[in-house]
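For reference, the structure is listed below as structure tokens.
Convention: sequence-line order gives letters A, B, ...; per-chain numbering from 1.
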2 protein chains.
Amino acid sequence: MGKVLKADTDNAAAGSIDSLLGYNLKRAYMIFRDDFRNSVENAGMTPRAMSVLAQIVEMPMITQSDVARRLGIERSGLVAIIDELEKGGLVRRAAVPGDRRSQALVPTAQGHKRIRAILQQVQAHEANLLSPLNPQEQAQLLHMLRKLRHAHGNDSTP
Amino acid sequence: MGKVLKADTDNAAAGSIDSLLGYNLKRAYMIFRDDFRNSVENAGMTPRAMSVLAQIVEMPMITQSDVARRLGIERSGLVAIIDELEKGGLVRRAAVPGDRRSQALVPTAQGHKRIRAILQQVQAHEANLLSPLNPQEQAQLLHMLRKLRHAHGNDSTP
DNA sequence: TATTGTTATACTCTATAACTATA
DNA sequence: TATAGTTATAGAGTATAACAATA
């Protein structure tokens, strides 16, 4: 057969799991997850709590339901995370004028400081993990993952 | 500020989780995992069982421990999976001449047939999921994920 | 001593379902 | 009736620790 796409003949038998994107996504994800566990998570912040805090800092006064939708997770799972963040003084629940059902989430000064520090730490770790790829490849990888995600909708189907 | 890497200014505030590779890897992985659940897994094959079967087909007479090492999972978790595959007539345990501790794993004719069918099915689904990326991008994505994985070692650190 | 397969166990993550108070 | 937050519960997925047989 003729010249197919280069990556297909890279290394592994086509028709094996090594040629499946899903499998390779999982393995790559595991590399990053494990590293996270050995660094940031030991400092008492789970990946989820981090993404939640980041979301709140990015959009102050966002409601819990909206955070859940944006991150593609369940509302119910958020409660404990917000509790924890609030207990740590990083976030507080505030009343929403005009809708007494909702709780708006506001980052504290400490929350701002904390997410900045964590993001820096994670970025440093990621730079390390990504060092096998050159800068162009790193940018491409990020670009394509984002493109995939946005093409499939930011929030999970309810 | 000057022109940085294109992907960095794509869409989201740099310094948010949307610019983290780990986060985007997870979200992309979730897209593929969810699709798998709604298709192949409903036909009675988990992602793990599939990767194990594929591995055995690719390397007949591989031992359980070696499968575990290659897939980056624990030996203990393999037992139930092999039991299941064996019960389904896709694989059988065989004695290893010269080492009575090991169990070599051999695919049956049915096992061959099954993994071929499943791989085809998964590839079709992946082609669909990947359609937002052009063929070159798809190849690049696969290439970089593989590169990452192999750079960080094929097996998880014990 | 180290390794293989195995079992039993525990833990993490996350989803589901049901409730309440609002709208 | 639908939505927000909450609670309790259950399930998947996976790791850890220990054990017997064998090297």
Quick one, which residues of residues 39-51 of chain A touch DNA chain C with a heavy atom under 4.0 Å?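 A/Glu41, A/Arg48, in order of number.
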Which residues end up grouped with A/Met61 if you chain together Ile, Leu, Val, Met, Phe, Trp and Tyr wherever their side-chain heavy atoms are less than 4.5 Å apart? A/Val106
Does B/Val79 sit in a hydrophobic cluster with other residues, and if so which ones, taking ILVMFWY side chains as linked at heavy-atom separations under 4.5 Å, directly or through other members?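 Members besides B/Val79: none; it forms no cluster.
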When the distance from [atom1] of [X] to [atom2] of [N] is rounded to whole Å, what number comes out?
X: B/Asp34; N: C/dT14; atom1: CG; atom2: P; answer: 12 Å
X: B/Glu86; N: C/dG5; atom1: CD; atom2: C1'; answer: 13 Å
X: B/Ile73; N: D/dA12; atom1: CD1; atom2: P; answer: 18 Å
X: A/Phe36; N: C/dT12; atom1: CZ; atom2: P; answer: 16 Å
X: B/Glu74; N: D/dA15; atom1: CD; atom2: P; answer: 5 Å
X: A/Arg33; N: C/dT14; atom1: CZ; atom2: P; answer: 10 Å
X: B/Leu105; N: C/dG5; atom1: CG; atom2: P; answer: 7 Å
X: B/Glu84; N: C/dT6; atom1: CD; atom2: C1'; answer: 17 Å

Please determine whether a side-chain nitrogen or oxygen atom of B/Lys26 lies at a distance below 4.0 Å from atom OP1 or OP2 of C/dT14.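 Yes.
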Can you find a pair of side-chain heavy atoms, one from B/Ile62 and one from B/Arg70, that are under 4.5 Å apart? yes
Derivation and outcome, side-chain contact (heavy atoms from CB on, under 4.5 Å), residues A/Val67 and A/Thr63: CA-CA 6 Å; A/Val67 169; A/Thr63 67; over 6 Å; no
Give every residue pair that meets the side chain to side chain donor-acceptor pair (under 3.5 Å) criterion with at least one member in residues 103-115 of chain B, sequence neighbours excluded. none
Think B/Arg33 forms a cation-pi with B/Tyr29, using NZ or CZ under 6.0 Å from the six-ring centre and within 45 degrees of its axis? yes
Side-chain donor or acceptor of B/Glu126 paired with backbone N/O of A/Gly22 under 3.5 Å: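 Present.
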Treating B/His150 as the side-chain partner and B/Arg146 as the backbone partner, does any N or O pair qualify as donor plus acceptor under 3.5 Å? yes
Determine, for nucleotides 2-11 of chain D in 5'-to-3' order, which nucleotides have protein heavy atoms under 4.0 Å from the base (write B), from only the sugar-phosphate (write S), or from neither (write -). BBBBBB----
With sequence neighbours left out, what residues match A/Arg93 under salt bridge (charged side-chain N to carboxylate O under 4.0 Å, His left out)?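 For A/Arg93, the residues satisfying salt bridge (charged side-chain N to carboxylate O under 4.0 Å, His left out) (neighbours in sequence not counted) are A/Asp83, A/Glu86.
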